[in-house]
Amino acid sequence: MTARTGRHFLQIPGPTNVPDRVLHALAQPTIDHRGPDFADLTRDLLHRLKPVFGTDDPVVIYPSSGTGAWEAALVNTLSPGDRVLAFETGHFATLWRDMAERLGLTVEFVPGDWRRGVDPAAVAERLAADTSHGIAAVMVVHNETSTGVTSRIPEIRAAMDDSDHPALLLVDTISSLGSIDYRHDDWGVDVTVGCSQKGLMLPPGLGFNAISDKALAATQRSRLPRSYWDWANILEANESGFYPYTPATNLLYGLREALLLLEEEGLPNVFARHRRHSAATREAVRGWGLEVLCADKREYSDSLTAVVLSEEHDADKVRRIILERFDMSLGTGLGKLAGRVFRIGHLGSLNDLTLAGTLSGVQMGLQLAGVPVDPAGLQAALEVLRGE
């Protein structure tokens with residue numbers, strides 16, 4: 001085994017690097033999750049989480065992955081046979097569709113090319129045609145982790161409003177929460193789905209739902225089976241600072257520290273940092289003579305950039321060389337993008353020098369893999385980071 005020095009560069013789009021302060025918080029002794037100190041922790045967390053979601057609505061925390069939070073959004077609001085409108089924006093949108101079908105929902109799945117987000121005009125068209133209001137919910141992935149494409153939620157909400165359609169709006173923010181500006185209340189979202197291991201800078205293990213009044217009302221008529229995921233049980237227990245099950249105590253310590261880090265930087269500054277890093281990365285890609293997967297500049301992701309290679313080059317070979325030579329992990333191409341795309345994660349606990357090192361490693365790896373690139377790409381990124 002080759003000895004490795006220095007730190008590993010984890011530049012996948014999640015799980016992301018966990019800051020030292022969060023790691024230290026995770027290492028605190030576990031306390032009684034039925035005691036008064038834990039109740040204080042719960043109340044503090046639920047208060048601090050709301051600005052990250054851009055909401056005054058309730059936020060629930062599950063010991064789960066984002067997949068669990070997906071399921072919670074569906075089973076608390078819908079009934080067997082309900083129609084839902086979903087969009088093929090990438091691998092994770094497809095997986096959420098698959099889950100909805102397995103739960104007994106009828107999914108109207110609008111095909112896509114994985115290079116664009118949800119088209120607000122398509123939302124308006126589908127809902128306008130649904131004169132009987134049979135569509136119960138619209139499912140949208142805000143930032144598609146497999147493609148680096150960010151759908152325009154305010155425009156989608158406007159399309160729903162213009163259609164005067166009562167469908168719920170369910171939004172996955174798994175790779176945008178805490179990295180890209182998001183406004184649950186202002187954008188009229190009914191359920192926002194999130195998780196811990198990306199912009200919130202934690203290990204995997206926490207899932208989130210932010211819940212509108214309209215979504216809470218929908219629970220009264222929803223008939224999909226639920227027990228562990230039931231909002232009612234969690235919200236009732238949260239009133240006294242507790243949970244209806246054993247919570248992930250030490251992950252909650254880490255969450256508090258991560259939220260403090262975001263507060264100290266200030267969310268507008270967090271979002272601006274992510275925008276700068278995404279712009280620098282795209283400049284590098286273009287400078288190398290390569291192609292960004294996202295085809296619409298209005299939908300560029302601030303969390304990650306997916307890079308397309310020509311058919312004669314294997315993206316996984318590039319990733320393997322970069323891992324072996326430079327101890328850096330990049331995201332693989334998922335689903336139909338396998339072997340054609342690699343993904344550079346630039347979200348979470350990241351600074352300018354980390355990104356500069358990341359892009360240097362990518363450029364060297366591309367050259368070693370025989371991919372013809374212009375080395376001016378790195379310089380173009382550095383000019384963005386210098387503010388030139």
Side-chain angles (χ1 to χ4, degrees), residues 13 49-57 59 66 69-70 73-74 77 84-90 92-94 96-97 100 108-110 112 114-127 135-195 198-200 208-215 218 267-268 270-271 274-275 278 294-304 347:
L49 266 175
K50 290 186 177 186
V52 179
F53 284 87
T55 190
D56 291 321
D57 289 336
V59 178
W70 271 353
L74 298 175
T77 57
V84 296
L85 181 62
F87 299 83
E88 187 192 4
T89 54
F92 293 99
T94 303
W96 201 11
R97 182 275 312 268
E108 183 178 334
F109 198 50
V110 180
W114 291 36
R115 303 198 66 171
R116 294 165 179 81
V118 175
D119 181 359
V123 176
E125 179 183 356
R126 299 286 176 136
L127 295 183
I135 294 173
V138 177
M139 296 165 46
V140 177
V141 174
H142 181 216
N143 188 76
E144 175 54 68
T145 317
S146 66
T147 65
V149 175
T150 304
S151 289
R152 291 164 279 151
I153 305 300
E155 294 181 38
I156 294 166
R157 178 73 261 178
M160 295 177 67
D161 291 343
D162 290 345
S163 303
D164 196 25
H165 198 287
L168 296 165
L169 177 57
L170 315 180
V171 179
D172 165 348
T173 65
I174 285 172
S175 61
S176 57
L177 189 69
S179 302
I180 300 173
D181 188 16
Y182 182 79
R183 308 179 188 189
H184 173 92
D185 290 357
D186 291 349
W187 297 349
V189 179
D190 293 299
V191 186
T192 297
V193 173
C195 71
K198 297 183 185 279
L200 292 184
F208 308 98
N209 282 172
I211 310 162
S212 74
D213 288 343
K214 183 178 176 182
L267 284 173
V270 172
F271 301 146
H274 283 78
R275 285 194 298 271
S278 66
C294 180
D296 187 334
K297 65 181 181 180
R298 297 172 298 175
E299 297 175 336
Y300 287 146
S301 170
D302 292 339
S303 296
L304 71 134
L347 72 162

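Since the model is a prediction, treat every value here as computed from it, not as a measurement.
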Report task. Measure the spacing between CZ of Arg97 and CZ of Phe87 and express it to the nearest 0.5 Å. Result -> 13.5 Å
Query - Residue pair Phe92 / Ile174, side-chain heavy-atom distance below 4.5 Å - result: no
Query raised in the report: Considering all heavy atoms of both residues, which atom of His142 and which atom of Ser176 are nearest to each other, and what is their separation?
Result: ND1-OG, 2.8 Å
Query raised in the report: Okay, side chain of Thr77, backbone of Ala218: is any donor-acceptor separation there less than 3.5 Å?
Result: no
Requested in this report: Without swapping roles, check the side chain of Asn209 against the backbone of Ile211 for a donor-acceptor pair under 3.5 Å.
Outcome: no
Query raised in the report: Judged by atom type as modelled, is there a donor-acceptor pair below 3.5 Å linking the side chain of Ser163 to the main-chain atoms of His165?
Result: no
Query - Note, Pro13 side chain near Ser175 side chain (heavy atom, < 4.5 Å) - result: no
Report summary line: In this structure, CG of Asp172 is separated from CE of Met139 (nearest 0.5 Å) by 9.0 Å
**Report entry** Thr89 side chain near Thr147 side chain, heavy-atom distance below 4.5 Å
**Finding:** no
**Report entry** Distance, nearest 0.5 Å, that separates CZ of Phe109 from OG1 of Thr94
**Finding:** 4.0 Å
Query raised in the report: Can you find a heavy atom in the side chain of Thr150 that is under 4.5 Å from one in the side chain of Tyr182?
Result: no
Requested in this report: Any chance you could lay out the side-chain contact (heavy atoms from CB on, under 4.5 Å) test for Val189 and Arg157, step after step, and finish with the verdict?
Outcome: CA-CA 8 Å; Val189 179; Arg157 178 73 261 178; over 6 Å; no
Query raised in the report: Shortest non-hydrogen contact from Ser179 to Gly199?
Result: OG-CA, 3.4 Å
Query raised in the report: Is it true that a side-chain atom of Asp185 and a backbone atom of Asp56 form a donor plus acceptor pair closer than 3.5 Å?
Result: yes
Query raised in the report: Taking C-beta and beyond as the side chain, do Met160 and Val123 meet within less than 4.5 Å on heavy atoms?
Result: yes
Requested in this report: Look at Glu299 together with Arg116 and state whether they make a salt bridge at an N to O cut-off of under 4.0 Å.
Outcome: no
Query raised in the report: How far apart are the closest heavy atoms of Ser301 and Ile180, and which atoms are they?
Result: OG-CD1, 4.3 Å
Query raised in the report: Taking side chain as C-beta onward, heavy atoms only, is Lys198 less than 4.5 Å from Leu177?
Result: no
Query raised in the report: Is there side-chain contact between Asp190 and Leu169, with at least one heavy-atom pair below 4.5 Å?
Result: yes
Report task. Please lay out, stage by stage, how Val52 and Leu200 fare under the test side-chain contact (heavy atoms from CB on, under 4.5 Å). Result -> CA-CA 9 Å; Val52 179; Leu200 292 184; 4.2 Å; yes
Query raised in the report: For Val118 and Arg152, which heavy atoms make the closest approach, and how far apart are they?
Result: O-NH2, 4.4 Å
Query raised in the report: Looking at Arg115 and Val149, what are the two nearest heavy atoms and their distance?
Result: O-CG2, 3.8 Å
Query - Exercise: identify the closest heavy-atom pair between Ser278 and Asp302 - result: OG-OD1, 2.9 Å
Requested in this report: For the residue pair Leu170 and Val193, establish whether any side-chain heavy-atom pair is separated by less than 4.5 Å.
Outcome: no
